Every structure is written in structure tokens, then in C-alpha cells.
Enquirer: 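Handing you a structure now.
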Amino acid sequence: RKVNKMWGTLVIATFVYYFYSWYNKRNDGALSHVDIKNTEFSCTLREKKALRSFYVPFCLSNGFVQTLFFNYFLPAPNLKFEREIIEFECGGQASLDWHRFLDPSNPNKKSNVICLVFPALGTSCRTKYVRHVVNYFAQQGGMDCAVLNVRGSAGTELTSHHLYDIGCSKDIHEIVKHVQKTNKHAKLVGIGASMGSNILVKYLCDTDSQGSEKTPIQAAVSISNPFNLYELMNREMNWPFNLSYFRNMFEDRFVQWFKRRLRKFSHLFHADPDNVGYDLDEWLETDNIEDFCEFAAEKVFKYESFEQYLQLGSCGNYIDTLSTPCLFVNALDDPVVPKSIIPHEKLKRNKFANVLYTESGGHIAFLDKSMRCWFMPVAKAFLETCLEKDSNCTAKDESSS
């Protein structure tokens with residue numbers, strides 16, 4: 001009886017918490033902060049009624065639950081992808097998984113817009129949320145979508161001992177340049193989720209800061225961007241859901257998966273040890289994620305410390321140099337990315353940074369009461385507005401010349 005009473009109390013307390021969370025959010029919707037500097041986009045949102053408060057269903061009023069539901073339980077469309085391998089000068093390779101726009105009424109019609117999708121860490125075109133994004137932008141946006149896979153990820157073979165370094169955007173630069181070269185008449189846009197959005201925005205900032213060669217990506221959308229990887233790795237995870245266990249489990253599984261990949265391609269590291277510059281076996285013998293990451297940062301990528309590696313790989317440190325129109329969408333109840341690590345002031349100062357914060361949405365979820373992803377039509381409207389504005393400017397330049 002005591003056990004049954006304890007479980008009954010727990011169920012009632014959980015119900016009360018959920019009801020309280022949902023009730024507080026139901027009246028004012030989910031939009032918390034709007035900072036749209038692109039006036040054309042603002043007008044477009046009002047005309048299309050895309051910038052609306054979405055109402056979270058009672059059962060998904062918690063960001064952690066909504067994140068799990070969208071990424072693991074919500075049915076995803078069955079899409080066909082075609083893989084393209086991109087080879088680098090160093091002998092390494094990355095890949096793009098293409099899903100082409102198809103107009104049933106006109107099968108010969110081709111899209112003139114390519115959307116580069118930068119997925120979150122450990123995800124690919126097989127992941128449910130990625131397929132939702134690709135399906136929406138292909139069917140509703142009329143875009144060809146290419147999901148980017150960096151060295152060694154999503155089944156991309158390692159063909160060189162050089163590994164992907166988040167602190168350096170050279171790989172991304174080469175991939176984008178390749179897409180532009182092989183699709184000369186197409187317009188390029190980008191959308192990133194979680195770590196993928198950090199990689200996308202850092203690439204844009206790095207390219208924009210150089211000034212010599214502007215990125216061909218005309219507009220971008222960042223969803224649930226972590227911004228500061230060092231603070232993210234060191235943050236405390238507290239009530240109502242202590243995520244330390246889940247994070248430790250994920251980190252352990254990720255390290256074990258990475259070690260298996262390294263062992264599979266160990267011949268690349270043992271063939272030329274002098275050129276590699278470190279002992280692979282010593283790296284594989286590290287027991288915990290701290291030692292594993294410290295070894296990677298200091299001996300593999302040649303940084304002074306793991307902290308420097310994370311800081312240089314964090315897009316939040318480069319927001320001031322961003323000069324490509326970008327829409328940032330983050331939820332304040334994100335169980336992975338807390339609002340405290342979002343660089344609010346930097347985003348506010350930059351005229352190219354358009355910001356939407358929502359009270360609810362979790363991590364890469366943003367489900368409304370109809371179980372549809374709220375950010376997708378907003379992102380689509382933003383990208384279309386930026387492309388239309390760029391086309392108008394180009395037409396004016398041509399007519400004046």
C-alpha cells in the first residue's frame with residue numbers, strides 16, 4: 001500500500017506540474033522575443049500570418065518531453081536520397097545526401113534553389129527531424145536539399161588521417177564551393193540544427209570576416225544553436241529533469257562509437273606515424289570523455305587546451321562579423337541549450353541577425369497543437385524573402401548598367 005501511495009503521489013505531482021506549465025503558456029502563446037531587422041521579412045510574415053504564437057499541446061508542455069517526442073516518436077516521411085562524395089586535397093572526403101524537388105504536375109521542372117542542411121551532432125538524413133526538414137523545404141519550398149556529412153560521419157568513409165575540426169571552417173568552405181561550382185545557376189541557402197547550426201554560422205562568420213571571397217550562401221536559418229560550446233559542456237543540469245545521466249550516457253556512447261570508427265580505419269594512422277604526429281593507440285586507451293577530448297584537442301588538432309578548442313569552434317564568439325542574413329530560432333525551455341549562453345547583446349547589435357525566442361519548443365522541436373513543426377514555415381518565409389530581395393537588387397543593378 002505504501003508503494004502504491006507513493007506512485008499515486010508521484011503521478012498526481014507530475015500531472016500538476018504539467019498542467020501548471022501548460023496553463024502558464026496557453027494564454028500568451030509561445031513567442032517570447034522578436035527582433036526582426038529585415039523589414040521585408042517582417043512584412044512578409046505579417047502578410048502570410050507566419051509569425052504567429054503557437055500553442056503547445058498539454059502533453060508536450062515540457063521542453064524535454066517535446067524534444068524526445070519530435071526526434072524519436074513522431075512519424076517521419078520516407079524519402080529517397082542520393083549520395084555524392086566530395087574529395088579534399090588532403091585525401092579526405094565528405095558527403096552530401098541529395099533529395100531533389102519533384103513537381104508531380106511537371107516532372108521535368110527543376111529547382112533553382114539549393115538548401116544545404118547542416119544536421120546536429122550524430123544525426124544524418126536517416127534521422128527523423130532531418131527528414132521532416134528536408135521534406136518540407138523540398139515539397140513546400142520547391143528546393144533541392146543536400147544534407148551535409150563531415151569526415152567520418154553518417155557512413156562517410158575515412159580516407160585520410162585528417163579528422164574534422166570544428167575550430168576550422170576549411171572543409172565547409174570547400175564543400176560549399178563545390179556545390180556552387182557544380183550548380184552554377186542555383187541559389188544557395190542554408191539551415192542548421194543544434195551543432196549543425198553552430199558549424200553553419202561559424203562558417204558564415206569566418207567567410208564574411210575574410211572579405212576577399214564572400215560566401216555564395218545568400219541566407220541562413222539557425223535552429224537551437226548552442227553558440228558557446230565551452231559553457232555548454234560545463235553547465236549544470238538541474239530540476240525539473242536532471243539531464244546529467246542522459247548527457248553522460250550520450251557522451252559515453254559517442255566516444256565508444258568514435259573509437260570504433262578509429263579502429264576500423266587505424267591503418268590510415270599507422271601507415272605514416274611521423275606525418276600523423278600522435279599515437280592512435282594511446283588515444284584509444286583513454287578511459288573517460290575528458291581525457292579523450294583533451295587528447296584530441298591538444299595532440300590531434302594542436303590546440304593549447306580543450307577549452308581553446310571549444311572556444312574557437314563556438315560561433316557565438318564571431319557573431320559581430322556576420323554579414324549574411326540569418327534567422328536565429330531558440331526556445332527558452334530548451335533542455336540542451338539554456339538561454340544564459342545565448343549571446344543576446346551580440347545578436348542585438350548585428351543588423352544581419354534576426355532573432356526569434358519562444359517560451360516553448362524544446363530542442364529542434366517547436367511542435368504546435370496540430371503536431372506540426374512551427375519553425376519550418378517561418379524559416380521558409382525568411383529564406384524566400386531574402387532570395388527575392390537579392391533578385392530585385394540584381395535586376396536593378398543590371399538595368400542601371
Side-chain angles (χ1 to χ4, degrees), residues 81-98 114 116-126 146-184 188 190 192 195-196 198-200 202-204 206-207 210 212-213 215-217 254-286 292-304 306 308-310 312-313:
F81 290 87
E82 181 181 348
R83 174 156 291 192
E84 177 186 10
I85 300 297
I86 301 173
E87 297 181 351
F88 301 124
E89 294 179 0
C90 66
Q93 64 181 24
S95 66
L96 292 171
D97 290 324
W98 288 90
I114 294 176
L116 293 175
V117 180
F118 292 70
L121 181 67
T123 63
S124 66
C125 66
R126 294 187 292 270
V147 182
L148 187 147
N149 306 305
V150 297
R151 302 170 186 243
S153 67
T156 306
E157 297 292 299
L158 274 177
T159 55
S160 166
H161 68 268
H162 294 284
L163 302 176
Y164 176 69
D165 178 6
I166 61 171
C168 178
S169 300
K170 183 179 178 181
D171 281 5
I172 308 302
H173 177 79
E174 290 191 34
I175 293 171
V176 174
K177 193 174 181 179
H178 168 81
V179 174
Q180 181 192 31
K181 185 178 180 181
T182 54
N183 301 270
K184 294 182 179 179
L188 269 60
M195 181 64 78
N198 179 80
I199 293 172
L200 170 60
K202 185 182 183 300
Y203 154 76
L204 294 175
D206 287 347
T207 309
Q210 293 172 4
S212 57
E213 186 177 354
T215 175
I217 294 180
F254 176 76
V255 169
Q256 296 306 319
W257 168 84
F258 202 91
K259 285 183 177 181
R260 287 195 299 270
R261 296 287 291 177
L262 291 174
R263 290 190 183 98
K264 181 179 178 181
F265 300 101
S266 59
H267 61 279
L268 298 172
F269 301 85
H270 292 145
D272 190 8
D274 294 332
N275 192 27
V276 172
Y278 57 89
D279 186 357
L280 177 64
D281 295 329
E282 181 184 352
W283 191 15
L284 294 175
E285 289 175 0
T286 54
F292 183 85
C293 292
E294 286 289 346
F295 189 100
E298 297 174 9
K299 297 186 178 181
V300 178
F301 299 118
K302 311 302 181 185
Y303 291 94
E304 294 181 2
F306 183 49
Q308 185 191 47
Y309 171 68
L310 292 177
L312 292 176

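Worth saying up front: this structure is predicted, and the values here are computed from it rather than measured.
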Enquirer: Under the side-chain contact (heavy atoms from CB on, under 4.5 Å) rule, collect the residues that match up with Leu158, sequence neighbours excluded.
Expert: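 If we apply the side-chain contact (heavy atoms from CB on, under 4.5 Å) test to Leu158, skipping adjacent residues, the hits are Arg151, Leu163, Phe265, Leu268.
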
Enquirer: Checking the side chain of Thr207 only, and the main-chain atoms of Leu204 only, is there a donor and an acceptor separated by less than 3.5 Å?
Expert: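 No, the answer is negative, given that no donor and acceptor are paired below the 3.5 Å cut-off.
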
Enquirer: Is any side-chain heavy atom of Leu200 closer than 4.5 Å to a side-chain heavy atom of Ile217?
Expert: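 Yes, close enough: below the 4.5 Å cut-off.
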
Enquirer: What distance separates Ile166 CD1 from Ile172 CD1, expressed to the nearest 0.5 Å?
Expert: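 Going from the CD1 atom of Ile166 to the CD1 atom of Ile172 covers 11.5 Å.
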
Enquirer: Residues in salt bridge (Lys or Arg N to Asp or Glu O under 4.0 Å) with Arg83, at least two apart?
Expert: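 Salt bridge (Lys or Arg N to Asp or Glu O under 4.0 Å) list for Arg83, sorted by chain: Asp97.
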
Enquirer: Specify the closest pair of heavy atoms between Gly152 and Arg261, including all atoms of both residues, with the distance to one decimal.
Expert: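 Of all heavy-atom pairs spanning Gly152 and Arg261, the closest is O-NH2, 3.2 Å.
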
Enquirer: Please identify each residue that fulfils side-chain hydrogen bond (donor to acceptor under 3.5 Å, both in side chains) with Asn183, with sequence neighbours left out.
Expert: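 With sequence neighbours excluded, Asn183 shows a side-chain hydrogen bond (donor to acceptor under 3.5 Å, both in side chains) to no residue whatsoever.
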
Enquirer: About how many Å separate CG of Leu312 and CG of Asp165, when rounded to the nearest 0.5 Å?
Expert: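 Result: 9.0 Å between the selected atoms.
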
Enquirer: Please list, one pair per line, the donor and acceptor atoms closer than 3.5 Å that link side chains of residues 276-284 to other protein atoms, with sequence neighbours excluded.
Expert:
from, atom 1, to, atom 2, distance (Å)
Asp279, OD1, Asp281, N, 3.1
Glu282, OE2, Lys299, NZ, 3.2
Trp283, NE1, Phe292, O, 3.1

Enquirer: Sequence neighbours excluded, which residues qualify as ring-ring contact (aromatic ring centres under 6.0 Å, His included) partners of Phe301?
Expert: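 If we apply the ring-ring contact (aromatic ring centres under 6.0 Å, His included) test to Phe301, skipping adjacent residues, the hits are Tyr309.
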
Enquirer: I'd like to know if the side chain of Tyr203 pairs up with that of Asn198 as donor and acceptor (distance under 3.5 Å, no hydrogens or angles considered).
Expert: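 Short answer, no.
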
Enquirer: To the closest 0.5 Å, what do you measure between NZ (Lys259) and CD (Glu285)?
Expert: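 Reported to 0.5 Å precision, the distance equals 9.0 Å.
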
Enquirer: List in chain and number order the residues that pass side-chain hydrogen bond (donor to acceptor under 3.5 Å, both in side chains) with Ser124, two or more places apart in sequence or in another chain; answer none if no residue qualifies.
Expert: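 With sequence neighbours excluded, Ser124 shows a side-chain hydrogen bond (donor to acceptor under 3.5 Å, both in side chains) to no residue whatsoever.
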
Enquirer: Restricting to non-hydrogen atoms, name the atom on Ser160 and the atom on Cys90 that form the minimum distance, rounded to 0.1 Å.
Expert: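 Heavy-atom minimum between the residues: OG-O, 3.8 Å.
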
Enquirer: Tell me whether the count of non-hydrogen atoms from other residues, nucleotides or ligands lying under 6.0 Å of NZ in Lys302 goes above 12.
Expert: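 Atom NZ in Lys302 is crowded, with more than 12 foreign heavy atoms closer than 6.0 Å.
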
Enquirer: How would you list, by chain and number, every residue that makes a side-chain hydrogen bond (donor to acceptor under 3.5 Å, both in side chains) with Tyr164, sequence neighbours excluded?
Expert: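 By the side-chain hydrogen bond (donor to acceptor under 3.5 Å, both in side chains) rule, Tyr164 matches no residue at all.
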
Enquirer: Do Lys202 side-chain atoms and Gly313 backbone N/O form a donor-acceptor pair below 3.5 Å?
Expert: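 Checked: no pair found.
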
Enquirer: Using distance alone, with no hydrogens and no angle criterion, decide if Asn149 and Thr156 have a side-chain donor and acceptor under 3.5 Å apart.
Expert: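 No donor-acceptor contact under 3.5 Å links the two side chains.
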
Enquirer: Quick one: closest heavy-atom pair of Lys264 and Glu157, and the distance?
Expert: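 Heavy-atom minimum between the residues: NZ-OE2, 4.0 Å.
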
Enquirer: Kindly say whether Val176 contributes a backbone atom to a donor-acceptor pair with the side chain of Gln180 at under 3.5 angstrom?
Expert: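 Judged by distance alone, no pair lies under 3.5 Å.
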
Enquirer: Just so I know, are the side chains of Phe269 and Leu262 near enough to count as touching, which here means a heavy-atom distance under 4.5 Å?
Expert: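 A side-chain contact under 4.5 Å exists here.
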
Enquirer: Is it true that atom CD of Gln256 has more than 12 heavy atoms of other residues, nucleotides or ligands lying nearer than 6.0 Å?
Expert: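 Counting other residues, nucleotides and ligands, CD of Gln256 exceeds 12 neighbours.
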
Enquirer: Run the side-chain hydrogen bond (donor to acceptor under 3.5 Å, both in side chains) test against Thr159 and tell me which residues pass, sequence neighbours left out.
Expert: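 By the side-chain hydrogen bond (donor to acceptor under 3.5 Å, both in side chains) rule, Thr159 matches no residue at all.
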
Enquirer: For the atom pair CD (Glu87) and CD (Glu174), what is the distance rounded to the nearest 0.5 Å?
Expert: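 With rounding to 0.5 Å, CD (Glu87) is 11.5 Å from CD (Glu174).
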
Enquirer: Using the side-chain contact (heavy atoms from CB on, under 4.5 Å) criterion, which residues pair with Asp272? Sequence neighbours excluded.
Expert: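 Here the qualifying residues are Asp274, Asn275.
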
Enquirer: With sequence neighbours left out, write down each residue that passes side-chain contact (heavy atoms from CB on, under 4.5 Å) with Ala94, or none if nothing qualifies.
Expert: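 Testing Ala94 for side-chain contact (heavy atoms from CB on, under 4.5 Å), a comparison that skips the adjacent residues, returns Phe88, Ile175.
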
Enquirer: Taking all atoms of both residues into account, what is the closest heavy-atom pair of Lys181 and Lys184, and its distance?
Expert: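 Shortest heavy-atom separation between Lys181 and Lys184 comes out as O-CG, 3.3 Å.
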
Enquirer: Under the side-chain contact (heavy atoms from CB on, under 4.5 Å) test, which residues partner Glu84, sequence neighbours left out?
Expert: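 Listed in chain order: Leu96, Trp98, His178.
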
Enquirer: Please find the pair of heavy atoms, one from Cys168 and one from Tyr303, that lie closest to each other, and give the distance.
Expert: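 Minimum heavy-atom separation between Cys168 and Tyr303: N-OH, 4.3 Å.
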
